Amino acid sequence: MSKQKILITKRVYPDAVEFLKGRFEVDYEGTNAGLGTEQFIERARGCGAVVSQLTDKLGAEVLARLDGVKVIANVAVGYDNVDVPAATARGIAVTNTPGVLTETTADFAFTLLMATARRIPEAHAFVHSGAWKTWLIDLLAGQDIHGATLGLVGLGRIGAAVARRARGFGMRILYCDAMAAPLELEKELGATRVGMEELLREADFVSLHVPLTAETKHLIGRAELALMKPTAVLINTSRGPVVDEAALAEALESKTIWAAGLDVFEAEPKVHEKLLALDNAVLAPHIASASVATRRRMSMMAAENAAAALEGVKPANLLNPEVWK
Ligand code: DGY
């Protein structure tokens, strides 16, 4: 019997490729560029599974043109790049990689918060430039982290992991979420649930931990930024479109808020021109989950999800269980 076929759309860690090659016929696009839409559709033909990445935009029209694909295994916890309801309607299973990246992403969110508050990129550039002449009372003065108020928008796995780090800095923790967290978790984290407006008014640091959906698109826009303190810092490691980037650039330029640390952008890899020119915008190229160990685990987890589905076993991280009969 001929082996089932699987498409990997872009470079992943090699152990995942080897694992799949041991079981299936693998079409591996091992490049950084990945596949364009037409190439993707062409190469997916005859494949039972696709290991995709967040740069693969798998909307309803693309899914409608897939022939024989039973499972899309996305190498990310976020899956806004896949139209899951459209996949469900076509009986295509969709999986993601939750859990394995929680702590690494929380490490990075807190790193970004600290780097932004204490102006590390500016300090680094300043010393490298040779401009450092003397000790000055207000040289690169930043904002205190210890004892400050952290406002978490979203208290899921990653938001809670950020709160645990903040506890070590004696921060007061506020959160808003559509659902109240279990009392035990609130107690463990010392976190208080408040409304969005109160969170924005009270927080010294606002950190975003929500998925991108129709409801969370531009959750932070001009009106929300105007509620924040002029000393406040916004941290985004969730998805770019959760923030209205043009409104944020204006708020940073006019000092409506003090600074922002951003790992994600509205039209990656494009970054709003104004943000590129501002010292109070600390920017990173969507690397919050990028430790070697975690990205390797994510690659492997997606491979295992794809393999399970092709072998008739319900994948561990199935997003649309209704397709599994
Ligand atoms: C995700 O997993 O959704 C991140 O954005 C990439 O790790």
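Atoms within a ligand are numbered from 1 in the order they appear, just like the ligands themselves. One is the number of the first residue; the rest follow in order along the sequence. Nothing here was measured: the structure is a model prediction, and the numbers come from that model.
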Colleague: Among side-chain atoms of R295 and S289, is any donor-acceptor pair under 3.5 angstrom?
Modeller: yes
Colleague: Quick check: does any side chain N or O of D263 sit under 3.5 Å from a backbone N or O of A288, one acting as donor and the other as acceptor?
Modeller: yes
Colleague: If you measure only the distance, is there a donor-acceptor pair under 3.5 Å linking the side chains of N317 and N305?
Modeller: yes
Colleague: A quick test of your reading: do over 12 heavy atoms of other residues, nucleotides or ligands sit less than 6.0 Å from CZ of R165?
Modeller: yes
Colleague: Hey, does the side chain of T31 reach the backbone of G34 with a donor-acceptor pair shorter than 3.5 angstrom?
Modeller: yes
Colleague: Checking one residue: M179. Which other hydrophobic residues are in its cluster under the side-chain 4.5 Å linking rule?
Modeller: none
Colleague: In order of chain and number, which residues sit within 4.0 Å of ligand 1 by heavy atom?
Modeller: L54, A76, V77, G78, L101, R239, H286, S289, M298
